[in-house]
Q: 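Below is the structure I would like to discuss, written out as structure tokens.
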Amino acid sequence: MVLERITAGKYGTRLFQVVFGQARRFASVPPQPVPPLARTLQGYLRAGAAARRRARAHARGGANVRSRGRPRGGCSEAWRSARETLAQLEPRSSSNGPGKNNSWQVRDSTFSGGVRPGSALRVGAAPARAAAGAHSAGLPARAGAAAARRRARAHARGGANVRCEGGLGERLQRGLEKRARHSRNWISDWWVQWAYLENRQPLAVHSNPALALPKQDYSDWRGQLLFASKLIAGVLDFKAKIASGSLPVEYLRGEPLCMELFQFLFSSCRIPGPKHDHFFQLEVYNSDGTPLTQSQIHSQLCRIRTQSWKTDKEPMGILTSEHRNTWGQAYHRLLRDKINKESVRAIERGIFTLCLDSPVMRISDEKSSVRTQSNGSADPAWGGTYSNSGNRWFDKTLQFVVGEDGSFGLLYEHASAEGPPIATLLDHLLQYSKVPERVRAPLVPLQMPKKLYFYIDPEIKRDIEHAKQNLDILINDLDLRCFTFWRFGKEFPKQINLSPNSFIQVALQLAYYRVHGEVCASCDSASLRTFRGGRTDVIRSPTNQALQFVRAFDDPSVTREAKLDLLRQAVDAHSALTEQALQGQAIDRHLLGLKLQAIEEGLSVPRVFMDTAYGLATHWKLRTGQVPSNTDSVMCFGPLVPDGYAVCYNPQPDHVHFSITAFNCCEETDAETLALTLDSALCHLQELLQPPA
């Protein structure tokens with residue numbers, strides 16, 4: 001076991017990383033490529049053109065659509081400005097004919113005026129059309145998903161033919177390519193810093209996802225401690241598999257996935273700072289290097305419960321729910337005392353945090369229904385001060401929540417991992433908990449668990465009271481609905497040769513359109529774990545094909561055959577974009593990299609990132625994510641923007657679990673309305689594909 005200290009660039013982020021001897025095999029995946037500059041610029045302009053068409057369609061209105069929103073002014077002008085600022089990529093007239101090589105011309109300055117007018121972009125016609133197919137209304141994707149994937153791969157190979165000469169764009173592209181040659185991953189560290197560590201919003205709701213799992217078969221503290229002891233033993237078993245290199249490598253579409261994120265799950269914690277956060281990782285083992293048995297763990301938990309009756313009067317963990325700047329200041333005040341510093345460091349060094357919750361006080365039937373999952377397990381994160389939220393340490397990477405009433409869930413800090421590795425861990429834990437213990441506990445005395453003490457002076461007391469008030473305001477503003485769709489699951493789309501995820505994404509577009517009368521900027525997460533150190537990129541779900549479909553679906557003048565054709569086109573278009581993102585060829589992380597590369601080189605941020613159009617393109621009003629698991633679980637996270645939604649789903653073979661969140665402060669959004677509309681949209685899609693006899 002080697003302890004490495006890594007410093008990530010100029011931001012001053014310190015990451016203490018434990019690297020296991022045999023875990024090096026986890027990195028046996030290729031490096032993440034830097035997409036060709038010309039293709040990303042073209043993709044951005046196509047997204048702008050699609051947004052313009054959506055805005056025009058919304059302005060014309062649909063009398064047959066129930067709309068709770070209103071058209072946004074200035075969209076067309078914003079995208080016209082984007083074309084002038086970024087690029088005007090239009091095909092020159094050519095007599096080459098279909099299948100021949102056409103040339104593309106930059107008629108204006110691109111990327112903040114950097115590329116000279118007249119610089120040529122040599123793009124093969126077929127690859128260009130393959131990439132544009134998911135966006136351009138004139139090039140419908142009529143082939144199946146397999147053909148769409150072949151086109152995306154062909155386009156990825158064809159990217160080498162793109163030539164973009166001179167200017168700031170090319171300079172920044174060369175910088176990214178150099179960074180890719182000399183780093184583990186050219187974008188992941190920047191992404192973690194920009195998306196998480198420099199984000200100053202509270203971790204609760206805004207960053208930390210919560211995962212609620214099936215309610216366990218017990219209803220008192222004895223059952224709670226027995227289950228918790230199995231849970232701890234299961235985590236140690238999973239951790240041992242990582243350390244020994246015996247954790248099976250995961251695959252996606254036959255390609256091995258990078259497994260590095262698993263070793264960052266344990267003994268890690270985020271530490272607040274005044275401008276950005278720090279986190280470190282540290283392995284902690286028993287003195288003899290062996291884990292305790294389940295019965296030993298249970299004995300220790302009983303000791304802890306006995307001691308916990310003499311609990312502190314103030315919930316110290318509530319401080320970690322504050323705005324990051326506020327918590328950073330309180331953190332430094334807290335650590336001025338030696339006892340406080342020792343207690344905080346003990347929490348930060350721990351492998352994970354276990355939260356043993358008392359039964360939740362029922363405020364009202366309405367509020368209880370909001371906080372309850374479809375499987376009967378209470379939401380483990382967002383209950384406010386009246387619902388155990390003081391019994392958390394939101395900076396900790398892993399927090400398992402075990403309630404006395406049988407509720408079971410998990411919170412995780414997003415900077416260290418994405419949802420799929422968490423789902424893998426939970427699948428292991430639930431399977432492990434079903435196996436009876438076969439190891440007898442050794443007859444050796446165990447050291448009494450150490451109680452952590454805090455000295456609370458008037459300043460810290462004031463900080464805690466403010467944190468309580470702010471958390472309750474945040475929780476009361478959260479609009480949360482979870483439901484299970486029972487009519488079909490992921491097997492139904494598969495039977496008709498449609499991607500289940502793309503099918504659900506089109507259903508989400510239809511539901512949003514029915515509620516708001518428009519199609520908004522939407523993001524679906526694509527995993528980049530097929531590359532070394534890869535995290536995620538964005539699939540832009542509102543394609544031209546999706547817009548055509550949702551506009552036609554409720555139009556009685558459109559025939560069923562036409563609707564079926566439009567549905568398949570919309571699903572295939574999303575599948576093509578998914579394949580492009582999985583190949584590392586999506587546009588959003590590349591655009592972010594170009595922006596951060598300019599900052600890294602001390603250059604002015606390119607004008608495109610200051611443009612209104614870029615703000616519109618990245619104002620994600622519909623944040624979505626699929627977190628598949630072998631268990632009946634549902635993940636919850638908050639919207640990215642005040643007037644947006646967040647939708648997470650877990651497709652099972654014959655049903656799908658959904659969670660939808662919005663903010664009550666926004667009059668235009670309503671989680672329950674979107675949930676009901678999504679349920680009916682899925683039913684109507686099934687009836688379209690399988691009409692009743």
Q: Are Leu225 and Cys302 side-chain neighbours, meaning at least one heavy-atom pair lies under 4.5 Å?
A: yes
Q: With a 3.5 Å cut-off and no angle check, do the side chains of Ser527 and Glu418 form a donor-acceptor pair?
A: no
Q: How long is the gap from CD on Glu348 to OG1 on Thr397, to the nearest 0.5 Å?
A: 11.0 Å
Q: Can you tell me how far the CH2 atom of Trp393 sits from the OG1 atom of Thr353, to the nearest 0.5 Å?
A: 9.0 Å
Q: Heavy atoms, side chains only, cut-off 4.5 Å: are Arg481 and Ser659 in contact?
A: no
Q: Would you say the side-chain atoms of Glu342 and Asn340 include a donor-acceptor pair closer than 3.5 Å?
A: no
Q: Are there over 12 heavy-atom neighbours, none belonging to Ile339, within less than 6.0 Å of that residue's CD1?
A: no
Q: Gln626: which residues meet the side chain to side chain contact (heavy atoms under 4.5 Å, CB included) condition with it, sequence neighbours left out?
A: Asn501, Pro628, Tyr649, Pro651
Q: Is it the case that Thr536 and Arg589 place a side-chain donor and acceptor less than 3.5 Å from each other?
A: yes
Q: Answer yes if the side chains of Ser407 and Asp357 hold a donor-acceptor pair under 3.5 Å, and no otherwise.
A: no
Q: Can you pull the side-chain hydrogen bond (donor to acceptor under 3.5 Å, both in side chains) pairs that have at least one residue in residues 220-238, sequence neighbours excluded?
A: Asp237-His428
Q: Can you tell me how far apart CE (Met448) and OG1 (Thr306) are? Round to the nearest 0.5 Å.
A: 8.5 Å
Q: Heavy atoms, side chains only, cut-off 4.5 Å: are Asp337 and Leu335 in contact?
A: no
Q: Compare every heavy atom of Ser188 with every heavy atom of Gly533, then report the nearest pair and how far apart it is.
A: O-OG, 2.5 Å
Q: Could you state the interatomic distance from CG (Leu319) to CD1 (Ile460), rounded to the nearest 0.5 Å?
A: 6.5 Å
Q: Scan side-chain atoms only and decide if Ser207 and His414 contain a donor-acceptor pair under the 3.5 Å cut-off.
A: no
Q: Aromatic contact between Phe658 and Phe485, with the criterion being ring centroids under 6.0 Å apart: yes or no?
A: no
Q: Are Phe352 and Phe400 an aromatic pair, judged by ring center distance below 6.0 Å?
A: yes
Q: My understanding is that only one of Leu426, Thr424, Asn650 makes a side chain to side chain contact (heavy atoms under 4.5 Å, CB included) with Ser629; could you say which?
A: Asn650
Q: Would you say Gln300 and Leu446 make side-chain contact, with heavy atoms under 4.5 Å?
A: yes
Q: In terms of relative ring orientation, are Trp191 and Tyr196 parallel, tilted or perpendicular, with 30° and 60° separating the classes?
A: perpendicular
